[in-house]
Chemist: 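Next up is a structure, given as structure tokens.
A, B, ... follow the sequence lines: proteins, then strands. Residue 1 opens every chain. A quick note: this is a predicted structure, and the numbers were derived from the prediction, not measured.
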Amino acid sequence: INGGYGCAACTALVAIVEQLAEIKNSTVVETLDYLCYILPVELRPSCRAALEFLGPMLVVLVEHKVGPDVACHALTFCYTNPGQPTCHSMIPPLHRRLKGPSMTFEEKVLEAKQRIQFRMKKTRGP
Amino acid sequence: QNICEVPGVKDICNWLRKAFKGRKPSVDFDNDMFSISQGLRGSSWRGKDCSDTSRNVYPGTKPLAEDRTFDSNCNGIFGVNKKTARSYEEELCGASQPRGVAVLGDSISAHFHMPPQWLDATLISEKVFEHLILVVENEIDWPMLSTVTGHGKNNWTEVITGPIDSLYLRIRDRNRCNHRDYQNIAANGEDSIGMQNLVKTLARNPQRDHPIIVLYALIGNDVCNGYPDTVAHMTTPQAMYDNTVNTLEHLHATLPNNSHVIMMGLADARILYNSMGHRIHPVATHWGHFTYGQFYDFMNCLQISPCSGWLTTNGTLRNLTAERAEELSEALRKVYRDHKKSYYNFDLHFIENPMPNAVREWVKHGGEAWQLIEPSDGFHSNQIGQALLAKVLWREFETKHPEILGPVNPNNEEIGRLFGNQGGY
């Protein structure tokens, strides 16, 4: 329901990446690279394959500090099943939310999705 | 939408599914249910096999030909005393009434522990993932450090700290002939329904093996599920009674004479929310404001909570869950009253859940309840809690059911002198 374990895993991952980038004062790319590096050697190829796919999108989302909830809804690992409430972890502190209460959660997700699409188009070219 | 379809993550998901599916040792060439490798239901869960090519050689069996030439029960004791011409097994263990210990249980018995360092950006490092493969192959459980089957040394201090104490270690200290005779037949999420099948993986031969002490410790999952209408999905007292009797019937057919089965009541886990609700979850240590209350609600919204009856901000629901848990404990007491004379291979016992006593003892010595709870899930007992439970259970057995434990072996010192660590683990 609402993305279940996949949503929880995504939320935790984005929260860790954002905090780690802050703590280490490093870029998102460096942080993601570090996360793959610290895994046991057997898992690194899978981690790198996942980063090749997800990395560019995560970079856009984390750089814009959209927070785990918006990021994971934009990546569609979290969603809202018909008749179910929308799940919010509320992990990032209030001061981290760039847009004020004037934007709804859905609008923030839409904006994040557009950012991803823009970045993807730019990467892929015409 | 499915994270397991992402390239790379797909391989990891497949690996996780495979690791979590096994209930029997994966590496077991002679099919005796005991293994020479550690993970995948190997020696972390059951005493290490000392020959994986002979089906008659495994921990807990009665010695073959008195172990005069080789160690058939893997307790490290074999050979002949040249002075007396008697085998050491006969001389040192023959009259000692050896026995093993096993637990039929859930994630508490298996000792679920997801290292909080994996989630905490302030603590994450290469070191904390060093043993990730073994941890996953053990289903994120730590049976080798658990209340019933804990043994050996803690080689994972980067991700788990606290004392090791267990019923097995204490039973082994009492009689060193019991070395390696432990089985952890527990699984995450196991309840009385699933146990009717899982019990079939308990390896004991009624004729060839020593008696065994079996703890039936399904302390929560019959009231725990992740459904929003959680009460409707809880086990009913009648079903609890029937499922338990079915499992006991199986034990009756497989346990050696003079065994013991101890049924444990369910836990009242209201203490979890009361002690954890306002504390900060490790996934947001750096930002510092994501409470367990919020964490529980998020899990409930995604319907992946291990227990939406206990892990909820809804106090009424927590009270309803406590009520059902008590009803299910009463069903177990009724099983005891109705069936204590039914089984001739084992004596049946019932004990109340030891958690409240363990917490009381901890608080009495200046601790706080949250210090006994796993930080990553806010649900399970941590290493300190596991060791404390072993101490409390042991005290209960010593005072109320000393017959379960058997006599102290007067040859323990001699065994230590002759056989050292008895082959370790």
Chemist: With a 4.5 Å cut-off on heavy-atom pairs, point out which of Cys47(A), Pro45(A), Ala49(A) contacts chain B the most.
Modeler: Ala49(A)

Chemist: For Thr86(A), is it the side chain, the backbone, both or neither that has a heavy atom under 4.5 Å from a heavy atom of chain B?
Modeler: backbone

Chemist: How many angstroms lie between OH in Tyr5(A) and CD in Gln303(B), if you round to the nearest 0.5 Å?
Modeler: 11.0 Å

Chemist: Can you tell me which portion of Glu52(A) sits under 4.5 Å from chain B's heavy atoms? Options are side chain, backbone, both or neither.
Modeler: neither

Chemist: Tell me which of these, Gly6(A), Cys78(A), Gly4(A), Ala12(A), has more heavy-atom pairs under 4.5 Å with chain B than the rest.
Modeler: Gly4(A)

Chemist: Distance check, rounded to the nearest 0.5 Å: Gln19(A) atom CD versus Asp120(B) atom CG?
Modeler: 7.5 Å

Chemist: More than 12 heavy atoms of other residues, nucleotides or ligands under 6.0 Å from OH of Tyr425(B): yes or no?
Modeler: yes

Chemist: Using every non-hydrogen atom in the two residues, find where Trp287(B) and Ala15(A) come nearest and quote the distance to one decimal.
Modeler: CH2-O, 4.2 Å

Chemist: To the nearest 0.5 angstrom, please state how far the CZ atom of Phe298(B) sits from the CD1 atom of Ile91(A).
Modeler: 6.5 Å

Chemist: So for Asn300(B), is it side chain, backbone, both, or neither that comes closer than 4.5 Å to the heavy atoms of chain A?
Modeler: neither

Chemist: Does any heavy atom of chain B fall under 4.5 Å from the side chain of Phe77(A), the backbone, both, or neither of them?
Modeler: both

Chemist: Take atom CG of Asn25(A) as the centre, draw a 6.0 Å sphere, and report whether it contains more than 12 heavy atoms from other residues, nucleotides or ligands.
Modeler: no

Chemist: Using a heavy-atom distance cut-off of less than 4.5 Å, which residues of residues 132-144 of chain B contact chain A?
Modeler: Leu132(B), Ile133(B)

Chemist: Looking at CD1 of Ile16(A) and CD1 of Ile124(B), how far apart are the two atoms once the value is rounded to the nearest 0.5 Å?
Modeler: 5.0 Å

Chemist: Which heavy-atom pair separates Cys301(B) from Ile1(A) by the least distance, and what is that distance?
Modeler: O-CG2, 4.2 Å

Chemist: Return the CE to NE2 distance between Met90(A) and His289(B), rounded to the nearest 0.5 Å.
Modeler: 7.5 Å

Chemist: As an exercise, state the distance from CG of Leu302(B) to CG of Asn81(A), rounded to the nearest 0.5 Å.
Modeler: 10.0 Å

Chemist: Look at Leu75(A), Leu13(A), Asn2(A) and state which one has the largest set of heavy-atom pairs under 4.5 Å with chain B.
Modeler: Asn2(A)

Chemist: Using every non-hydrogen atom in the two residues, find where Val9(B) and Ala50(A) come nearest and quote the distance to one decimal.
Modeler: CG2-CB, 3.6 Å

Chemist: Could you list which of residues 30-37 of chain A have a heavy atom closer than 4.5 Å to any heavy atom of chain B, in residue-number order?
Modeler: Tyr34(A), Leu35(A), Tyr37(A)

Chemist: Is it the backbone or the side chain of Thr122(B) that comes under 4.5 Å from a heavy atom of chain A, or both, or neither?
Modeler: both

Chemist: Out of Gly226(B), Ser125(B), Cys4(B), return the one with the most heavy atom pairs under 4.5 angstrom to chain A.
Modeler: Ser125(B)

